[in-house]
**Q** 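Got a structure for you, written out below as structure tokens; questions coming shortly.
Order of appearance sets the numbers: ligands from 1, and atoms from 1 within every ligand.
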Amino acid sequence: MKLVVDENMPYVRELFADFGEIVAVNGRHLSAEQVSDADVLLVRSVTQVNSALLAQNSQLKFVGSATIGTDHIDQDYLASRNIPFSSAPGCNATSVGEYVFNALLELAEKYGADLHDKTVGIVGAGNTGSAVARCLSAWGVNVMLCDPPLQRSGDDREFFPLDTLIAQADVLTFHVPLTHDGADATFHLLDAAKIARLKSNMWLINACRGEVIDNHALLARQQTQPMPVVLDVWEGEPQPLAALVPLVDIATPHIAGYSLEGKALGTFMLYQRLCELLGRSIDKSLADLLPKAWFQQVNLRQTPDQAGLLRLCRFVYDLRDDDRQFRKIHQIPDGFDNMRKNHRHRREFSALALVNADGSEVDCLTKLGFAGVVR
Ligand SMILES: NC(=O)c1ccc[n+]([C@@H]2O[C@H](COP(=O)([O-])OP(=O)(O)OC[C@H]3O[C@@H](n4cnc5c(N)ncnc54)[C@H](O)[C@@H]3O)[C@@H](O)[C@H]2O)c1
Ligand SMILES: O=C(O)[C@H](O)[C@H](O)COP(=O)(O)O
């Protein structure tokens, strides 16, 4: 069996070597010829999987994407050819939640704000949006959710229209899939008209797909009436709108989901699915593959205040490093993809055990996802 796999997929050899020959490829530039004799194709979000890519292949038995997003996959085409497909829903949701939480702490420090005074509007309350909400609620920050499809499905959380979030929230953070059709289409969900209505002191975050926000309209807004903005995703990746980069507060190359845990779980979920499809037993475990973090333990004397929490979060992942590097490389050819390829996978909060001096549990930190008290 031949498995063509994206080269940026951690643990793919450890998990799939028993299945057959593994050929690692650059997912962005994958050609129809390279996949013509693949039995299994494992991709990430940079590979467009469609009739053009698969036209020369008549033996494909499985396509997997180790990502949450699926906008790069023509699922109708795969279904028309009876090729099973799986993605990895939720795999890096915790990573995105922690990225957004870190970003909010950074903005709070920069603008001298207390997050407890802010209401964060979360657009899209699925896996990543809920992970953001969990972090914020653990820290006692008020959230408002907007998710019309979930609201219609009877989800019993309280939801608000996007217009209400725009009018009432202090922060807007986007966590929707990129879709082009139907009443809930998200392409340019935040369009020029809505961008014009955002208050100047509103904070705007996009960690889902670049095309959800009209980047040219956002550029025009930042040039005239700037507001604090965090962008992890960009229209036109891997070439973001160069003029927009200096006008945002935190700029990163689509790495909100790049925790080691999140990326590894994406690969692992595909391993589980392929085992099921082929009737093989699942004899490997993710826990055995993940290394221990170098910073196993931190001793706390007291529950941190916001500044202390920021220091703790930076200890796990210092978002400013990625921001600084991104500003240097985003205009270099292949800079965006190279930074992603060579990204030092950060660990999630759960990799860090906290020990309280008096042995008691720091409840909010435990809820934030830190591993808690180790005795
Ligand atoms: N930056 C990154 O590294 C990164 C990482 C993971 C996921 N993502 C992106 O984030 C997206 C969301 O991920 P998720 O795990 O939360 O997905 P999910 O499917 O669990 O949740 C998405 C939610 O958005 C809602 N939604 C759809 N259309 C909407 C609209 N018009 N308005 C409001 N809500 C709407 C859906 O009902 C759903 O509940 C993914 O599709 C992916 O594109 C980015
Ligand atoms: O949809 C996702 O899961 C994320 O956007 C994912 O982390 C993107 O990373 P990539 O697949 O481009 O490596």
**Q** Tell me which part of Val96 gets within contact of ligand 1: side chain, backbone, both or neither, using heavy atoms under 4.0 Å.
**A**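 The answer is the side chain of Val96.
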**Q** Tell me the nearest of Arg28, Arg209, Glu237, His254 to atom 8 (C) of ligand 2, using heavy-atom distances.
**A**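 The nearest heavy atom belongs to His254.
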**Q** Of the protein's non-hydrogen atoms, which lies at the shortest distance from atom 6 (C) of ligand 1, and what is that distance?
**A**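 Looking at atom 6 (C) of ligand 1, the protein heavy atom closest to it is Asn92 OD1, 2.8 Å.
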**Q** Closest non-hydrogen protein atom to atom 7 (O) of ligand 2, residue and atom name please, with distance?
**A**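 For atom 7 (O) of ligand 2, the nearest protein heavy atom comes out as Asn92 ND2, 3.5 Å.
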**Q** With a 4.0 Å cut-off, would you call Asp337 and Arg28 a salt bridge?
**A**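 A salt bridge is present here (some side-chain N lies under 4.0 Å from a carboxylate O).
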**Q** Could you pull out, from Pro177, Gly69, Cys91, the option with a heavy atom nearest to atom 24 (O) of ligand 1?
**A**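 Nearest heavy atom to atom 24 (O) of ligand 1 lies in Pro177.
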**Q** Pick from Asp322, Asp318, Asp323: which one makes a salt bridge (Lys or Arg N to Asp or Glu O under 4.0 Å) with Arg320?
**A**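 Single pass found, and it is Asp318.
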**Q** Are any of the N or O atoms of Thr67 closer than 3.5 Å to those of ligand 2?
**A**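 There is no such contact.
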**Q** Looking at atom 3 (O) of ligand 2, what's its closest protein heavy atom, distance included?
**A**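 Ranked first by proximity to atom 3 (O) of ligand 2 is Ile68 N, 2.6 Å.
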**Q** Based purely on interatomic distance, does Gly69 place a nitrogen or oxygen under 3.5 Å from a nitrogen or oxygen of ligand 2?
**A**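 Such a contact does occur with ligand 2.
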**Q** Could you find the nearest protein heavy atom to atom 9 (O) of ligand 2 and give me its residue, atom name and distance?
**A**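 Sorting protein heavy atoms by distance from atom 9 (O) of ligand 2 puts Arg340 NH2, 3.1 Å first.
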**Q** Consider only side-chain N and O atoms of Ser259 and Tyr99, and report whether a donor and an acceptor are under 3.5 Å apart.
**A**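 Note: Ser259 and Tyr99 side chains miss the donor-acceptor criterion.
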**Q** What atoms of ligand 1 come closer than 4.0 angstrom to any heavy atom of Val233?
**A**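 Heavy-atom distances to Val233 below 4.0 Å select 1 (N).
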**Q** Please confirm whether the backbone N or O of Val245 pairs with a side-chain atom of Arg327, one donor and one acceptor, at under 3.5 Å?
**A**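 Side chain of Arg327 to backbone of Val245: a pair is present.
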**Q** For Arg209, counting its heavy atoms only, list the atoms of ligand 1 lying under 4.0 Å from any of them.
**A**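 Under 4.0 Å from Arg209, ligand 1 has these atoms: 8 (N), 9 (C), 42 (C), 43 (O), 44 (C).
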**Q** Out of curiosity, is Lys263 lining ligand 2, as in a heavy atom under 4.0 Å away?
**A**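 No.
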**Q** Is the shortest distance from a heavy atom of Asn8 to ligand 2 less than 4.0 Å?
**A**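 No heavy atom of Asn8 comes that close to ligand 2.
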**Q** Below 4.0 Å from ligand 1: does a non-hydrogen atom of Pro148 turn up there or not?
**A**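 True for this residue.
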**Q** Would you say the rings of His330 and Trp234 are close, in the sense that their centroids are separated by under 6.0 Å?
**A**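 Here the rings of His330 and Trp234 have centres that are no less than 6.0 Å from each other.
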**Q** Hey, is atom 32 (N) of ligand 1 under 4.0 Å from any protein heavy atom?
**A**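 Flag for atom 32 (N) of ligand 1 set to true, protein heavy atom closer than 4.0 Å.
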